[in-house]
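Note that the structure is predicted; figures quoted are calculated from it, not measured.
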Amino acid sequence: MSYAIVYASRTGNTRLLAETIQAALPAEECLYCGEPAPKALEAQRIYVGFWTDKGTCSQEVADFLEQVTDQQVFLFGTAGFGGAPAYFDQILDRVQAHLGERGTLVGRYMCQGKMPQAVRARYETMEESPRRTAMLENFDGALSHPDQADRDALAAAVTKSAR
């Protein structure tokens, strides 16, 4: 089955997940791997990756999902805040809404991703509070993500969905 991997990656986290998918699947079946492009729509299955922007995907990924017709789609993404499956599910639900009734969702995966240092600097300027402390702790905890366990879980989910 032909496939394409389409992703938007602001900090490199989602690109790392896209590379993980590409390594887990047969190279000869890959029609395209890169930023959203019409060529990807020629594949039977499309792996669509995104970074979280205000609780959903970036506009370029939303626009791409709205062009899908009858392909199988696997969504994958990263979020700076994370760790809670319910939070990831909310984000994935909002991204999936851009797919609508077009295409067939065959899987989805999300994990935490590191954020730019500018985010931590912004948090440091906030007034001392439990919220500020939690945000700084989350930032520091995200620095290692996506880690090997995240990538292994994604590879397992992709492999399972490909059967």
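Cluster annotation: Val73 is connected to Leu41 through the hydrophobic network of ILVMFWY side chains, with a link wherever side-chain heavy atoms come within less than 4.5 Å. Using a 4.5 Å cut-off between side-chain heavy atoms of Ile, Leu, Val, Met, Phe, Trp and Tyr, with links allowed through other members, Tyr109 and Tyr7 fall into the same hydrophobic cluster. Taking hydrophobic clusters as Ile, Leu, Val, Met, Phe, Trp and Tyr residues chained together by side-chain heavy-atom distances below 4.5 Å, Leu154 does not share a cluster with Leu105. Val119 and Ile91 fall within the same hydrophobic cluster, defined by Ile, Leu, Val, Met, Phe, Trp and Tyr side-chain heavy atoms under 4.5 Å apart, directly or through other members. Two different hydrophobic clusters hold Trp51 and Leu16 under the rule that ILVMFWY side chains link at heavy-atom gaps under 4.5 Å.
Of the listed residues (Thr20, Leu92, Val48, Thr14), just one forms a side chain to side chain contact (heavy atoms under 4.5 Å, CB included) with Phe76, and that residue is Thr14.
The neighbour count for Arg10 CZ, taken as heavy atoms of other residues, nucleotides or ligands under 6.0 Å away, does not exceed 12. The number of heavy atoms from other shown groups lying within 6.0 Å of CZ (Arg131) does not exceed 12. The neighbour count for Glu127 CD, taken as heavy atoms of other residues, nucleotides or ligands under 6.0 Å away, does not exceed 12. When the shell of 6.0 Å around CD of Glu35 is examined, it contains 12 or fewer heavy atoms from other residues, nucleotides or ligands.
Side-chain N or O atoms of Thr52 include one that pairs as donor or acceptor with a backbone N or O of Thr78 at under 3.5 Å. No donor-acceptor pair closer than 3.5 Å links the side chain of Arg45 to the backbone N or O of Gln71. Distance alone, capped at 3.5 Å, places no donor-acceptor pair between the Asp70 side chain and the Thr104 backbone. With hydrogens and angles disregarded, a donor-acceptor distance shorter than 3.5 Å links the side chain of Arg94 to the backbone of Gly55. Of the possible polar contacts, one joining the Tyr3 side chain to the Pro26 backbone as a donor-acceptor pair under 3.5 Å is found. Between the side chain of Arg102 and the backbone N or O of Leu99 there is at least one donor-acceptor pair closer than 3.5 Å. Between the Asp150 side chain and the Asp147 main chain, a donor and an acceptor come within less than 3.5 Å of each other.
In this pair, Tyr123 and Phe139 present their aromatic rings perpendicular. The plane angle is above 60°, beyond the 30 to 60° band. In this structure, Tyr47 and Phe74 have tilted ring planes: the angle between them lies in the 30° to 60° band.
Going from atom CD of Glu42 over to atom CD of Gln44 covers 11.5 Å, rounded to the nearest 0.5 Å. In this structure, the separation between CD on Glu124 and CE on Met135 is 12.0 Å, given to the nearest 0.5 Å. For the atom pair CD of Glu29 and OG of Ser2, the computed distance is 8.0 Å after rounding to the nearest 0.5 Å. Taken from CE in Met110 to CD in Gln90, the straight-line distance is 10.5 Å, to the nearest 0.5 Å.
Among all heavy-atom pairs drawn from Val61 and Ala8, the shortest one is CG2-CB, 3.7 Å. Annotation for Gly113 and Ala142: closest pair O-CB, 3.7 Å, computed over non-hydrogen atoms. In this structure, Lys114 and Thr11 approach most closely via the heavy-atom pair O-OG1, 3.8 Å.
In summary, the side chains of Arg108 and Gln96 do present a donor paired with an acceptor at a separation below 3.5 Å, with no hydrogens or angles considered. A donor-acceptor contact under 3.5 angstrom links the side chains of Asn138 and Gln112, judged on distance only. Remark: the Arg151 side chain and the Gln148 side chain contain an N/O donor-acceptor pair separated by less than 3.5 Å.
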Open item on the list: What verdict does the side chain to side chain donor-acceptor pair (under 3.5 Å) test give for Asp63 and Gln59, after you've listed the backbone C-alpha separation in whole Å, the side-chain angles of each residue and the deciding distance to 0.1 Å?
Closed with: CA-CA 6 Å; Asp63 292 344; Gln59 191 60 51; 2.7 Å; yes
TODO: Output, in order, the C-alpha distance, side-chain angles, deciding distance and verdict of side chain to side chain contact (heavy atoms under 4.5 Å, CB included) for His98 and Phe64.
DONE: CA-CA 9 Å; His98 292 288; Phe64 179 81; over 6 Å; no
TODO: I would like to know whether Leu17 and Cys111 meet side chain to side chain contact (heavy atoms under 4.5 Å, CB included); could you show each step before the answer?
DONE: CA-CA 9 Å; Leu17 295 183; Cys111 69; 4.0 Å; yes
Task: Intermediate values then yes/no, side chain to side chain contact (heavy atoms under 4.5 Å, CB included), Glu19 and Ile5 - done: CA-CA 9 Å; Glu19 292 167 355; Ile5 303 169; over 6 Å; no
Task: Test log, rule side chain to side chain contact (heavy atoms under 4.5 Å, CB included), inputs Ile46 and Gln72 - done: CA-CA 6 Å; Ile46 309 171; Gln72 295 179 359; over 6 Å; no
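Arg120 has its side chain within reach of Asp140: a pair of non-hydrogen atoms, C-beta onward, lies under 4.5 Å apart. A heavy-atom distance below 4.5 Å is not found between the side chains of Leu25 and Cys30.
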